[in-house]
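Taking it in order: structure first as structure tokens, then the write-up.
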Amino acid sequence: MSKKLYITTAIPYVNAKPHVGHVMDYLIADIWARYQKQMGHEVRFQVGTDEHGNKIAAKARDVGQNLQVFVDENYAEFKKFVDSMNISYTDFIRTTDPKHQAAVQYIWQQLTPYIYKGTYEGWYCEGCESFVTDKEAAATNGVCPDHGKSYQRLSEENYYFKASEFSGKVREAIEAHKLKIVPEFRQKEFLNLIKDGMPDVSISRPKKSLSWGVPVPGDDTQVMYVWLDALANYITVLGYPEDAAWKDYWPADVQVVGKDIMRFHAGLWPAMLVGLGLPLPKVLLVHGHVTVGGAKMSKTMGNVVDPVEIINKFGAEALRYYFSRHVSTTEDSDFNWRKFEDAYNNELANDLGNLVSRTANMVTRYQAGVVGEIQKAEHDMFAYNEAMRELRFSDAIDDAWVLVQGANQFIDRVKPWEIAKSAADDPEEKEHLDEVLAHVVGSLLQAASMLYPFLPATSEKITDMFGTGVIKPAEGVLFPKTKLETAEAQPAPVAEPVVEAVAPAPEPEPVQPEPPVSDVAAG
RNA sequence: CGCGGGGUAGAGCAGUCCGGUAGCUCGUUUGGCUCAUAACCAAAAGGUCGGUGGUUCAAAUCCACCCCCCGCAACCA
């Protein structure tokens with residue numbers, strides 16, 4: 001048993017704060033990792049930060065900070081965010097880590113047979129001290145929006161990686177599902193993209209135009225461009241090349257990325273691996289993007305949703321819940337506060353939270369907290385397991401919810417409160433009541449187990465509460481009702497709920513939003 | 001122009017591969033219950049399944065053409 005598994009997430013570029021988009025990477029990987037651990041596997045789970053490159057250097061300069069200090073602070077922010085989401089990663093890699101940099105240089109040297117010097121030509125902004133893409137140049141009519149200057153056509157010497165040479169092998173691997181791209185339409189999209197082969201990729205910049213990066217071995221006039229550096233993290237974090245332990249985990253079982261960077265992970269990265277003589281990852285899971293009010297999230301539109309704000313208002317479990325059930329893994333999905341609030345109140349608070357509460361109360365009230373013989377696992381797990389295996393997470397959580405709703409229905413149908421009335425002097429009724437409540441507790445425990453990958457803290461609370469057969473006195477509630485104030489509504493402060501006893505981890509208090517914050521709700 | 005995704009009740013979606021009385025969640029309305037977080041349970045209303053034409057006894061589902069929305073087109077999760 002206990003096969004060693006490995007899952008990776010894309011490492012965000014730390015030139016800005018975390019946003020809701022990053023949630024998807026971490027959450028998907030965490031759900032998978034927790035599920036596999038539940039199944040008895042050993043899981044290595046990487047997260048990290050991409051800290052090199054001009055944009056970061058420019059940003060640090062803008063805010064007048066020392067580069068290393070700047071990336072240290074941003075790294076800390078991301079780390080804090082990942083931790084606050086309760087992500088069960090095993091490794092956090094930073095591309096500025098000296099070990100990583102050394103490994104990247106080693107990788108470069110191994111790839112030398114496929115690296116050649118060429119000329120890069122493109123639109124260059126003197127103000128930014130960097131090239132922009134043709135697309136960007138076109139979109140801005142050839143004038144840099146930040147500096148008001150026209151772009152210049154410049155060329156410079158770069159090293160190129162012969163990705164073209166590996167087109168065939170990469171394509172074959174993808175077609176044969178040796179490197180399986182999920183969902184399938186992404187695979188189709190990518191294969192179409194490289195139907196004429198993959199182009200060679202520029203992988204370095206002259207030091208004068210890019211200094212914040214890994215030096216190219218044997219040429220101190222050149223610095224590596226970020227992709228080679230960043231992609232390498234998936235193996236350097238395992239200790240590649242010197243620590244042989246990497247062999248226990250590579251190839252990765254799943255690599256999670258956003259649709260925007262699929263091509264690097266489906267093309268360049270596999271090409272690098274083939275060049276290094278390493279096996280390709282087994283699955284590339286490409287998730288969609290989160291839109292806000294139907295529009296792409298962007299700073300200029302000012303519609304960026306801060307996940308930290310969500311956690312502050314509703315808690316990490318709520319964030320995890322919403323993004324695993326109501327945000328599609330593979331398609332783009334819309335986020336707005338209204339939907340979020342509805343899901344939280346209707347599903348987490350009313351369905352699940354209230355079920356826990358009414359069950360605990362009845363057991364406490366009718367039988368002094370002692371649960372009878374708990375029946376277990378009567379819900380067929382086939383559909384759930386299949387959904388988890390196929391990475392259809394919202395289907396899996398739906399299936400867990402069947403149990404939650406079923407328990408609520410069951411309670412209403414058998415009416416334990418009525419049985420309780422006659423149970424006082426009728427031993428048969430007493431036994432019946434016992435069975436009924438034990439059945440509900442059994443459902444709850446099974447649901448908790450199914451929900452563990454999604455809502456680990458909640459799952460543990462439920463298990464703690466009912467698992468021993470004697471109810472722990474519950475003083476608080478699982479998910480206190482939380483309403484965001486609207487512009488009109490007078491703030492009617494929610495009674496400060498007592499939240500402990502059931503809460504091993506610090507439970508987020510329902511924070512009263514300062515001023516009205518129902519911004520996007522209208523959209 | 002090309003490639004991909006999508007257009008099904010007020011909203012969000014499933015069903016389309018393998019044609020056969022149009023389904024789920026939320027919202028709305030009504031009823032029930034009282035163990036519970038003004039929670040829970042039940043029932044009802046609500047859709048000519050983007051359009052046109054075709055195949056068929058039968059089309060949301062297959063075929064053809066067309067319209068609309070979104071994304072991608074090489075370095076933004």
Side-chain angles (χ1 to χ4, degrees), chain A residues 9-13 15-16 18-28 53 55 131-136 163 183 185-195 198-199 201-203 225-228 230-231 256-264 267-268 286-291 294-299 325-326 328 330-334 336 338-339 342-343 345-366 394-395 398 401 405 407-420 437 440 474 476-482 494-495 497:
Chain A
T9 56
I11 52 176
Y13 200 63
N15 63 342
H19 62 244
V20 275
H22 300 296
V23 171
M24 294 301 289
D25 267 317
Y26 298 134
L27 186 55
I28 289 170
K55 283 185 185 168
F131 283 89
V132 298
T133 60
D134 289 351
K135 184 183 165 190
E136 200 177 333
F185 71 82
R186 293 289 174 205
Q187 168 177 315
K188 222 156 77 181
E189 195 177 306
F190 183 74
L191 286 174
N192 184 266
L193 193 69
I194 61 163
K195 64 177 186 294
M198 297 196 288
V201 183
S202 160
I203 52 169
Y225 191 61
V226 288
W227 274 107
L228 190 94
L231 290 166
V256 182
V257 299
K259 67 176 184 178
D260 53 325
I261 53 169
M262 166 177 71
R263 63 183 42 156
F264 307 108
L268 175 57
V286 183
H287 67 251
H289 283 186
V290 178
T291 59
K296 213 167 161 177
M297 217 171 28
S298 75
K299 272 161 240 152
R325 192 173 191 194
H326 295 290
S328 164
T330 53
E331 310 276 332
D332 287 358
S333 297
D334 200 55
N336 71 55
R338 173 64 196 218
K339 272 197 275 190
D342 283 349
N345 286 322
N346 293 334
E347 298 164 26
L348 282 180
N350 293 349
D351 289 348
L352 179 60
N354 181 53
L355 173 63
V356 166
S357 175
R358 70 197 298 207
T359 305
N361 191 275
M362 285 189 284
V363 176
T364 305
R365 191 157 154 176
Y366 300 148
S394 68
D395 287 343
D398 278 351
W401 226 255
Q405 285 178 319
N408 273 324
Q409 287 165 348
F410 177 73
I411 291 171
D412 273 70
R413 198 169 65 240
V414 301
K415 303 183 183 17
W417 51 92
E418 283 187 1
I419 307 176
L437 292 178
V440 173
V477 290
L478 226 40
F479 297 100
K481 278 285 183 62
T482 302
V494 180

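Chain naming here is simple, since letters A, B, ... match the order of the sequence lines and numbering starts at 1 in each.
- At least one side-chain nitrogen or oxygen of A/Lys188 sits closer than 4.0 Å to the OP1 or OP2 atom of B/rG5.
- Remark: the separation of the C1' atoms in B/rA74 and B/rG15 is 37 Å, to the nearest Å.
- Nucleotides B/rC13 and B/rG7, compared at atom P, are 9 Å apart to the nearest Å.
- Here the nucleotide nearest the side chain of A/Lys481, chosen from B/rU37, B/rG71, B/rA36, is B/rU37.
- Between A/Met262 atom CE and B/rG4 atom P there is a gap of 12 Å when expressed in whole angstrom units.
- Residue contacts shown for A/Val256 are absent, as no nucleic acid heavy atom lies under 4.0 Å away.
- Residue A/Asn346 places its side chain closer to B/rC26 than to any other of B/rC26, B/rC33, B/rA77.
- Under 4.0 angstrom from either OP1 or OP2 of B/rC40 there lies at least one side-chain N or O belonging to A/Asn350.
- B/rA36 sits 40 Å from B/rC49 when the C1' atoms are compared, rounded to a whole Å.
- What separates CZ of A/Arg413 from P of B/rC35 is a distance of 19 Å, to the nearest Å.
- Here B/rC26 presents its C1' atom at 15 Å from CG of A/Asp334, a figure rounded to the nearest Å.
- Of the candidates B/rA74, B/rU34, B/rC76, B/rC76 carries the atom nearest the A/Asp260 side chain, counting heavy atoms from C-beta on.
- Looking only at side-chain heavy atoms (C-beta outward), A/Ile411 and A/Leu355 come within less than 4.5 Å of each other.
- Taking 4.0 Å as the cut-off between side-chain N and carboxylate O, A/Glu347 and A/Arg325 count as a salt-bridged pair.
- Note: A/Trp401 CH2 to A/Asn408 CG = 10.0 Å, rounded to the nearest 0.5 Å.
- Checking the phosphate oxygens (OP1, OP2) of B/rU34, no side-chain nitrogen or oxygen of A/Arg358 falls inside 4.0 Å.
- A donor-acceptor pair is defined here as one N or O able to donate and one able to accept, closer than 3.5 Å; such a pair exists between the side chain of A/His287 and the backbone of A/Val257.
- Of the candidate nucleotides B/rU37, B/rC35, B/rC40, B/rU37 has the atom nearest to the side chain of A/Ser357.
- For the P atoms, the distance from B/rC69 to B/rU25 is 33 Å, rounded to whole Å.
- For the C1' atom pair drawn from B/rU8 and B/rC24, the interatomic distance equals 12 Å after rounding to whole Å.
- The side chain of A/Arg365 lies closest to B/rA36, out of B/rG4, B/rA36, B/rU34.
- Residue-level contact check: A/Leu355 touches neither bases nor backbone, having no heavy atom under 4.0 Å from any strand.
- Spacing of C1' atoms, B/rA58 relative to B/rG20, comes out at 6 Å, to the nearest Å.
- Going from the C1' atom of B/rA77 to that of B/rG71 covers 15 Å, rounded to whole Å.
- Between the side chain of A/Thr330 and the main chain of A/Ser328, no donor-acceptor pair closer than 3.5 Å is present.
- Each of B/rU37, B/rC35, B/rG12 was ranked by its minimum atom distance to the side chain of A/Leu478; first place goes to B/rU37.
- In this structure, A/His289 counts as stacked on the base of B/rA77 under the 5.5 Å centre distance and 30° plane angle limits.
- Judged by atom type and distance alone, A/Asn354 reaches the base of B/rA36 through a side-chain donor-acceptor pair under 3.5 Å.
- Listed nucleotides B/rG4, B/rA42, B/rC35 differ in distance to A/Gln409; the shortest reach to its side chain belongs to B/rA42.
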* Asked: With Watson-Crick and G-U wobble geometry limited to distances under 3.5 Å, how should the secondary structure of RNA chain B be encoded in dot-bracket form, using | for bases paired to another strand and [ ] for crossing pairs?
  -> .(((((((.[[[[.)....(..]]]].(((((.......))))).....[[[[[..)....]]]]])))))).....
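- Among the nucleotides B/rC41, B/rG71, B/rG4, the one closest to the side chain of A/Lys259 is B/rG71.
- In this structure, of B/rC76, B/rU25, B/rC40, it is B/rU25 that holds the atom nearest to the side chain of A/Glu347.
- Heavy atoms of A/Tyr13 sit under 4.0 angstrom from primed sugar atoms or phosphate atoms, though from no base atom.
- Judged by distance alone, with hydrogens and angles left aside, the side-chain atoms of A/Asp332 form a donor-acceptor pair with the main-chain N or O of A/His289 at under 3.5 Å.
- Using atom P as the reference point in both B/rA59 and B/rG19, the two lie 13 Å apart (nearest Å).
- At least one donor-acceptor pair closer than 3.5 Å links the side chain of A/Asn345 to the backbone N or O of A/Thr482.
- A/Arg263 has a side-chain polar atom (N or O) that falls below the 4.0 Å cut-off from OP1 or OP2 of B/rA73.
- Between A/Lys55 and the phosphate of B/rC76, there is a side-chain N or O to OP1/OP2 separation shorter than 4.0 Å.
- Of the candidates B/rG5, B/rA77, B/rA39, B/rG5 carries the atom nearest the A/Glu331 side chain, counting heavy atoms from C-beta on.
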